[in-house]
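I have placed the structure first, in the form of structure tokens, so that the comments after it can refer back to it.
For clarity, every value in this text was computed on a predicted model and none was experimentally measured. In what follows, chains carry the letters A, B, and so on, assigned in the order in which the sequence lines appear, proteins first and then strands, with residues in each chain numbered from 1.
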Amino acid sequence: MRDETRRNMPLFSMGTVTKLTELTPRQVRYYEQQGLIRPARTNGNQRLFSFNDVDRLLHVKTLMEKGVNIAGVKEMLQKEDQGETVSAEVVEAQPVKKPEISEAELYKLLKRQLADPSARSNQNHLLRGELSRFFH
DNA sequence: ATTCTGACA
DNA sequence: TGTCAGTA
């Protein structure tokens, strides 16, 4: 199947996403309300995030850490969605380059997560299960 | 055990 | 944003 299709495949649970992004569930839900992401839902109304969602979330995170507010992040992601390049001062913040998280970076994150021994018998099994579908 | 929505001493 | 409540 097409790569874009794979990247939009609903795979991850809230728990997995919060561990992958280091964001709190509160933040993830809030960003969704702001229209920054639109994860799919299970029959039980549970969110199912795609690779793209995680990617965007990480993007949002780095932007916010640079002092950009929701309005600013919203504008930047919106323009990037339109294919435009966000260079800097559209917002009341610091100059933002091109923090677009690369797939390589995302894979590294996932790999570390899967290999992390400190995270004892946690839910790596869960993550593996979710990813197995992606790598099918 | 997890996640969800709504609400605010 | 945190957090507690009452569900599904």
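With hydrogens and angles ignored, the 3.5 Å screen pairs no side-chain donor or acceptor of A:D55 with any backbone N or O of A:N52. A:E130 places a side-chain N or O within 3.5 Å of a backbone atom of A:S13 that can act as its donor or acceptor partner.
The phosphate of B:dT5 (OP1 or OP2) has a side-chain N or O of A:R41 nearer than 4.0 angstrom. Distances shorter than 4.0 Å separate some side-chain N or O of A:S13 from OP1 or OP2 on B:dT3.
The nearest whole Å value for the distance from the CD atom in A:Q46 to the P atom in B:dT5 is 9 Å. Distance A:F49 CZ to B:dT3 P: 9 Å, rounded to the nearest Å. Nucleotide B:dG6 holds its P atom 10 Å from the CG atom of A:N45, rounded to whole Å. As rounded to whole Å, 16 Å separates atom C1' of B:dG6 from atom OH of A:Y30. Taking atom CZ of residue A:R29 and atom C1' of nucleotide B:dA7, one finds them 14 Å apart after rounding to whole Å. Rounded to an integer number of Å, the gap from NZ of A:K19 to P of B:dA1 is 13 Å. When the P atom of B:dT3 is taken as reference, atom CD of A:E32 falls 14 Å away, rounded to whole Å.
Here the CZ atom belonging to A:R26 is positioned 10.0 Å from the OH atom belonging to A:Y31, to the nearest 0.5 angstrom.
Under the Watson-Crick or G-U wobble criterion, with both distances below 3.5 Å, B:dA9 is left unpaired in every strand shown. Pair assignment for B:dT2: C:dA8, on the basis of Watson-Crick or G-U wobble contacts that are both within less than 3.5 Å.
No hydrogens or angles were tested; on distance alone, nothing pairs the side chain of A:R47 with the base of B:dT3 as donor and acceptor under 3.5 Å.
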Working for side-chain contact (heavy atoms from CB on, under 4.5 Å), residues A:R41 and A:R47: CA-CA 5 Å; A:R41 298 282 182 145; A:R47 267 167 270 248; 3.0 Å; yes
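Summary of the strand contacts: A:G44 and A:R26 both lie near DNA chain B, and taking for each the nucleotide with the nearest heavy atom, the more 5' one is attributed to A:G44.
In the set B:dC4, C:dT1, C:dG2, the nucleotide with an atom closest to the side chain of A:T24 is C:dG2.
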